[in-house]
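These notes are about the structure you will find just below.
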Amino acid sequence: MLLIDVARTSAAVASDAARLAKIAHLAELLSRVGPDEAEIAVAYLSGELPQRQIGVGWRTLQDVPEPRQVAVATLTEIDSLLQRIKAQSGAGSQAARKALLADLFGAVTRQEQSFLQRLLTGELRQGALDGVMIEAIAKASGAPSAEVRRALTLRGWLPAVGAAALRGGVEELRAFRLEVGRPVAPMLAQSAPNVTAALEKIGGPAAVEWKLDGVRVQAHRSGEHVGVFTRTLDDITAQVPELVEAVLALPSDDLVLDGEVIALRPDGRPEPFQVTGGRVASKTDVAVLRETVPLSVFFFDALRAGGADLLDLPDEERHAALEAAVPPELVTPRLVTADAEEGEAFFADAVRRGHEGVVVKSPSTPYAAGRRGAGWIKVKPRHTLDLVVLAAEWGSGRRNGWLSNLHLGALDPETGGFVMLGKTFKGLTDELLTWQTEQFLRLAAGPTEDWVVSVKPELVVEIAFDGVQRSTRYPGGMALRFARVLRYRPDKRAEEADTVAAVRALMP
DNA sequence: TTCCGACAGTGGGGTCGCAAT
DNA sequence: ATTGCGACCCCACTATCGGAA
């Protein structure tokens with residue numbers, strides 16, 4: 001199959017807003033692709049590469065050669081070129097990668113160039129990724145989408161699942177099982193403003209668990225071999241020896257556990273996320289780092305234990321299996337209750353101890369990996385500040401033509417100026433985007449950069465955020481974590497905004 | 001007919017590894 | 001030694017479609 005076929009299908013998918021039409025376009029192409037190229041086609045049309053990442057981003061793709069006039073490149077040819085690019089490493093590799101990229105882009109038409117560029121930068125923007133592709137695979141293969149979804153949960157990689165479905169239909173999909181040593185797509189949580197609301201959503205008794213601000217881990221043990229994987233299924237076994245040892249110390253040698261690693265201080269309180277994240281990402285000097293920044297692990301789920309696969313069992317049964325397999329000090333603290341007051345108190349205690357919040361879990365839901373089902377609901381405290389808009393950036397995609405991303409500052413009473421604390425684009429409705437674009441253009445101050453418009457610091461906006469963290473990027477040495485817009489405060493003048501000191505008081 | 005679950009898009013801060021400078 | 005880039009940890013929120021109620 002030619003790359004142009006895939007690029008044209010992608011264009012058709014993008015041009016139809018209706019999901020059923022997108023699915024029809026994708027299924028039509030999948031029904032035509034041969035078995036050797038099915039995995040590539042599924043990958044490209046769901047915004048992935050068979051190689052996952054190849055070390056090429058937006059900067060490397062700045063200048064590409066003139067396109068060909070005639071489309072001749074096959075999926076197999078493109079795939080092997082990308083494979084060669086990924087294989088480049090060591091001194092001179094950047095030049096080698098650029099040369100191969102020039103070959104690649106010189107061998108395809110303008111439409112294919114655009115497609116590849118968006119694919120490689122992870123910005124396909126055709127309104128279809130895994131969710132729509134699952135339905136398309138189902139349609140093209142004749143297998144029920146629930147079977148496709150289940151196989152994806154167990155295999156964690158849709159191109160492989162799609163190829164299997166197209167090759168062998170539902171029978172081949174059913175051959176996917178939980179394999180110890182191969183990560184499963186992790187179950188995700190929705191969110192609620194408080195424990196009371198979360199309990200209401202679940203209706204009846206629920207488990208309320210500490211939410212630790214660390215890194216999600218899935219630990220597999222088969223015999224004396226342990227593998228540890230992140231949320232995106234990357235293998236981090238070598239970076240977390242403490243976790244490997246903890247799993248090897250368990251009595252069972254046949255386990256798949258879900259949990260969180262976190263760096264704790266000697267007094268047991270959690271380090272800021274930056275510390276845990278940095279430690280987990282470090283690949284060098286791990287033996288030294290484990291002395292200075294030791295990691296602890298807390299498990300909250302068992303996908304395999306006691307010689308059985310547990311994914312389809314309800315939460316309370318999986319948790320019972322977890323408690324049987326793991327000593328209590330390695331199990332995430334948890335309270336089962338239907339009482340909102342009790343749940344809120346448990347939440348308040350977790351936060352008081354420095355943790356991120358809680359996750360409220362329905363006792364009856366199976367491990368529904370990969371879908372943000374209503375089985376798990378996270379609850380975190382929310383801070384707010386009234387800050388001043390210092391500038392705004394032109395948006396892209398559906399926000400084209402709107403000033404979207406806000407630069408936020410706190411008042412510095414000493415100078416009467418403002419100290420930037422970060423940016424946000426979240427929480428804005430189309431109506432608000434329209435309104436603020438008008439306001440910012442009215443308040444535009446000085447020369448306007450390419451994509452940034454500086455504005456007179458007059459508009460006050462109420463910002464919600466999860467916390468304040470240390471920053472080397474911003475002048476105050478602080479940045480907001482997960483900042484989002486709640487509302488504008490036309491009733492407040494800039495001189496009445498919250499101060500730098502007020503923000504500093506929130507630093508851990 | 002209305003409601004709501006699931007999805008995709010639109011970007012945020014921080015940190016590490018690596019190659020180039 | 002420093003800088004820039006790519007990858008990947010953590011992520012919130014809105015608009016939209018289409019099936020559920």
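Look at A/E245 and A/R290 and you find a salt bridge, because one of the NZ, NE, NH1 or NH2 atoms lies within 4.0 Å of a carboxylate O, short of that distance. A salt bridge does not link A/E271 with A/R265: every distance from a Lys NZ or Arg NE/NH1/NH2 to an Asp or Glu carboxylate oxygen is 4.0 Å or more.
Heavy atoms of A/E123 sit nowhere under 4.0 angstrom from any nucleic acid atom. Contact annotation for A/D213: no contact, since no heavy-atom pair falls under 4.0 Å across all strands. Using a 4.0 Å heavy-atom criterion, one finds that A/R59 contacts the sugar-phosphate atoms exclusively. The residue A/V485 sits apart from the nucleic acid: no heavy atom pair falls under 4.0 Å. A/I54 comes within 4.0 angstrom of the backbone, heavy atoms only, and of no base. Across all strands, A/V56 comes closer than 4.0 Å only to sugar-phosphate atoms, never to a base (heavy-atom distances).
Distances shorter than 4.0 Å separate none of the side-chain N or O atoms of A/K86 from OP1 or OP2 on C/dG6. Residue A/Q53 has a polar side-chain atom (N or O) positioned under 4.0 Å from OP1 or OP2 of C/dA7. Between A/K378 and the phosphate of C/dA12, there is a side-chain N or O to OP1/OP2 separation shorter than 4.0 Å. Contact between the side-chain N/O atoms of A/T60 and the OP1/OP2 oxygens of C/dG6 is found at a separation under 4.0 Å. Between B/dG14 and A/S471, a contact under 4.0 Å exists linking OP1 or OP2 to a side-chain N or O. Applying the 4.0 Å criterion to OP1 and OP2 of B/dG9, one finds that A/R398 has every side-chain N and O outside that range.
One atom, CD of A/Q239, and another, P of B/dG17, lie 9 Å apart when rounded to the nearest Å. For the pair A/K98 NZ and B/dA20 P, the interatomic distance rounds to 11 Å; values are reported in whole Å. The nearest whole Å value for the distance from the NZ atom in A/K423 to the C1' atom in C/dA12 is 17 Å.
A/Y488 and A/Q439 are not linked by any side-chain donor-acceptor pair at a separation below 3.5 angstrom, with hydrogens and angles left out of the test. Side-chain atoms of A/R84 and A/S80 include no donor-acceptor pair closer than 3.5 Å.
Of the candidate nucleotides C/dC5, B/dG13, B/dG17, B/dG17 has the atom nearest to the side chain of A/T284. When the nucleotides C/dC11, B/dG14, C/dG19 are ranked by their closest atom to the side chain of A/F482, C/dC11 comes out on top. Counting only heavy atoms from C-beta on, A/R19 has its side chain closest to C/dG18 among B/dC16, C/dC11, C/dG18. Closest approach to the A/R484 side chain among B/dT10, C/dC8, C/dC13 is made by C/dC13 (side chain taken as heavy atoms from C-beta onward).
Around NZ of A/K139, the count of heavy atoms belonging to other residues, nucleotides or ligands within 6.0 Å does not exceed 12. Applying the 6.0 Å contact sphere to CZ of A/R382 captures no more than 12 heavy atoms from other residues, nucleotides or ligands.
Of the two residues contacting DNA chain B, namely A/G422 and A/D130, the nearest-nucleotide position lying further toward the 5' end is that of A/D130. The 5' end of DNA chain B is approached more closely, in terms of each residue's nearest nucleotide, by A/M420 than by the other of A/R97 and A/M420.
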